[in-house]
Amino acid sequence: MVYGGSSVDAFPLSTLQSMKINIDIIRPNNVRIQALDGLARDTIGEISLTMTIGPVDFEIVFQLVDMETSYKFLLGRPWIHMARAVPSTLHQILKFEHDM
């Protein structure tokens with residue numbers, strides 16, 4: 001999920017576990033985030049992962065969160081700026097109006 005309202009790139013612990021990624025790559029940190037539900041939460045740490053998005057490989061530093069989410073990972077402003085992406089919700093608005 002790409003969300004321009006997020007100041008971090010977030011990676012749920014459940015996604016990490018399902019991918020069987022070695023937890024030794026987790027680096028401790030003291031980051032507290034405000035989750036999409038509005039509650040402040042401490043992160044478990046951070047991980048750097050190489051992700052292929054389209055034809056490009058990105059080295060992304062994710063904040064690891066231990067919470068239920070509706071997404072596998074969240075790309076926020078750090079990735080949006082690094083990728084020089086221009087996220088748009090126009091297609092989502094049009095789809096919503098079409099579904100009504």
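Here the structure is a predicted model, which means the values were calculated and not measured. Keep in mind that the numbers below use all heavy atoms, side chains included, and drop hydrogens, waters and symmetry copies.
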Chemist: What's the shortest heavy-atom distance between I33 and V65, and which atoms?
Modeler: CD1-CG1, 3.5 Å
Chemist: So how far is it from D66 CG to I44 CD1, rounded to the nearest 0.5 Å?
Modeler: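 Rounded to the nearest 0.5 Å, the CG-CD1 separation comes to 4.5 Å.
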Chemist: Enumerate the side-chain hydrogen bond (donor to acceptor under 3.5 Å, both in side chains) contacts for residues 1-13, please, sequence neighbours excluded, ordered by first and then second residue.
Modeler: none
Chemist: Please report, to 0.1 Å, the donor-acceptor pairs under 3.5 Å made by any side chain of residues 70-80, with sequence neighbours excluded.
Modeler:
from : atom 1 : to : atom 2 : distance (Å)
R77  : NH1    : G4 : O      : 3.0

Chemist: More than 12 foreign heavy atoms under 6.0 Å from CD of E59: is that the case here?
Modeler: yes
Chemist: How many angstroms lie between CD1 in I60 and CE in M82, if you round to the nearest 0.5 Å?
Modeler: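 Atom-to-atom, I60:CD1 and M82:CE are 5.0 Å apart.
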Chemist: Evaluate whether atom CG of N30 has more than 12 neighbouring non-hydrogen atoms of other residues, nucleotides or ligands under 6.0 angstrom away.
Modeler: no
Chemist: Give me the atom names and distance for the closest heavy-atom approach of L64 to F11.
Modeler: CD1-O, 3.1 Å
Chemist: Does CD1 in I53 sit with more than 12 non-hydrogen atoms of other residues, nucleotides or ligands closer than 6.0 Å?
Modeler: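 Buried by this count: over 12 neighbours within 6.0 Å.
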Chemist: V8, M1: one ILVMFWY side-chain cluster at the under-4.5 Å cut-off?
Modeler: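 No, separate clusters.
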Chemist: Which pair of heavy atoms, one from G45 and one from I26, lies closest together, and at what distance?
Modeler: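 Looks like CA-CG2, 4.1 Å.
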Chemist: Answer yes if V31 and L16 sit in the same cluster of Ile, Leu, Val, Met, Phe, Trp and Tyr residues linked by side chain heavy atoms under 4.5 Å apart, and no otherwise.
Modeler: no
Chemist: Among pairs that include at least one residue of residues 15-33, which meet salt bridge (Lys or Arg N to Asp or Glu O under 4.0 Å), considering only residues two or more places apart or in two chains?
Modeler: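 Applying salt bridge (Lys or Arg N to Asp or Glu O under 4.0 Å) to every pair that reaches into residues 15-33, excluding sequence neighbours, yields R27-E46, R32-D42.
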Chemist: Nearest 0.5 Å, please: how far is CD1 in I47 from CD1 in I23?
Modeler: 11.5 Å
Chemist: State the CG-OG distance between L13 and S18, to the nearest 0.5 angstrom.
Modeler: 9.5 Å
